[in-house]
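Worksheet for the structure shown next.
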Amino acid sequence: MKPRILIYRAQPDAVEARLAEHFSIERIDGLRANPDALADALAQVDGALGSSVAIGAAELSRATRLRAIATVSVGIDKFDLAALDARHVVLSHTPDVLTETTADTVFALVLATARRVVELADYVRAGRWQKSIGAELYGVDVHHKTIGIIGLGRIGQAVARRAALGFGMKVLYHGRHRDETAERTYGARLCSLDTLLGEADFVCLQVPLTDATRGMIGSRELSLMKPDAILINASRGAVIDEAALIAALTEGRVRAAGLDVFEHEPVSADSALLRLPNVVPLPHIGSATEETRVAMAMQAADNLIAALIRNELPNTVNPAAWAKR
Ligand code: 8YV
């Protein structure tokens with residue numbers, strides 16, 4: 001008899017067809033289901049696949065047969081790893097396949113904020129373009145400026161490559177580990193967070209959301225940035241103290257912000273962030289291209305097949321949980 005899995009967020013047809021070759025499939029709309037309904041659904045299956053849904057002790061409370069969850073994401077902050085370990089459930093994710101696409105999104109925000117693309121597109125659409133534009137509508141250059149990348153992981157490195165090799169930018173980075181390849185290849189310079197914030201023209205957040213990074217960019221950090229510097233966040237919204245950012249943008253202590261992620265998503269239409277003309281907001285589209293989302297879902301499906309059918313654990317965040325079974 002085939003193992004039974006729960007798809008808690010609909011996936012592309014080709015991906016669900018691949019899963020159906022190996023598993024009996026149950027479905028639930030994880031974004032709308034309450035924790036109790038999700039707990040009931042997880043209690044019936046050996047594996048689960050989906051994204052963007054918080055899974056912790058409550059959802060796992062009756063999951064006695066669950067062995068593996070495959071998230072269609074590189075971020076794992078929606079999961080309570082201690083609760084997964086307590087249930088001996090392994091979690092896999094989808095690194096690598098989304099790296100380049102997400103780095104493209106970061107640079108879309110860099111260019112859109114620096115050159116005021118959204119604001120000026122609205123200016124044209126509103127019929128306000130009556131003559132050649134004046135200095136009041138100028139943006140700032142990106143090429144050959146200084147970019148500071150907080151978190152030089154896979155995506156951070158891809159951002160650094162675009163910056164150095166594509167735009168001739170000077171690259172600063174801050175993180176727990178030295179990256180000698182980045183330093184050798186394009187002169188990236190490891191520096192303290194304060195130094196990076198004080199020197200960068202573009203500050204890019206590329207850290208996972210953890211207890212250590214939650215709120216890491218607050219009033220103090222924003223006050224260290226140059227007043228014409230631009231903040232870019234395509235990692236997780238909760239890394240920034242949004243009230244402090246609103247104040248800094250409103251008071252001109254930071255020039256602009258490009259935000260693909262928010263502390264609470266979807267961000268509320270009446271958020272003060274959305275009323276600021278120097279904010280370019282996107283609806284968490286970092287990896288959201290047709291090609292990449294299929295590739296991510298396929299990788300998640302292969303991760304789940306490997307775990308439940310072949311007893312292999314590729315891209316697994318907590319492999320030790322498997323050994324406890
Ligand atoms: C999407 C992401 O939110 O991979 C992540 O961690 O944040 C984005 O790619 C995720 O893939 C859900 O579809």
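Ligands are counted one by one from 1 in listed order, and the atoms in each one are counted from 1 as well. Because the structure is a prediction, the values reported are computed rather than measured. Numbers for residues simply follow the sequence, beginning at 1.
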Notebook entry, point to check: Can you tell if the side chain of Val254 reaches within under 4.5 Å of the side chain of Lys226, non-hydrogen atoms only?
Noted result: no
Check: Does the side chain of Arg189 come within less than 4.5 Å of Glu199's, by heavy atoms?
Finding: yes
Would you please say whether a donor-acceptor pair under 3.5 Å links the side chains of [X] and [Y]?
X      : Y      : answer
Asp194 : Ser192 : no
Arg253 : Ser223 : no
Thr289 : Thr292 : yes

Note to self: With ring-ring contact (aromatic ring centres under 6.0 Å, His included) as the rule and sequence neighbours excluded, what pairs involving residues 165-188 come up?
What the structure shows: Phe107-Phe167
What are the distances between nitrogen or oxygen atoms of ligand 1 and protein nitrogen or oxygen atoms, counting only those under 3.5 Å?
residue	atom	partner	partner atom	Å
ligand 1	3 (O)	His284	NE2	3.0
ligand 1	4 (O)	Val74	N	2.8
ligand 1	6 (O)	Val74	N	3.4
ligand 1	6 (O)	Gly75	N	2.8
ligand 1	6 (O)	Arg236	NH2	2.7
ligand 1	7 (O)	Arg236	NH1	2.9
ligand 1	7 (O)	Arg236	NH2	3.2
ligand 1	7 (O)	His284	NE2	2.7
ligand 1	9 (O)	Ser287	OG	2.5
ligand 1	11 (O)	Val72	O	2.9

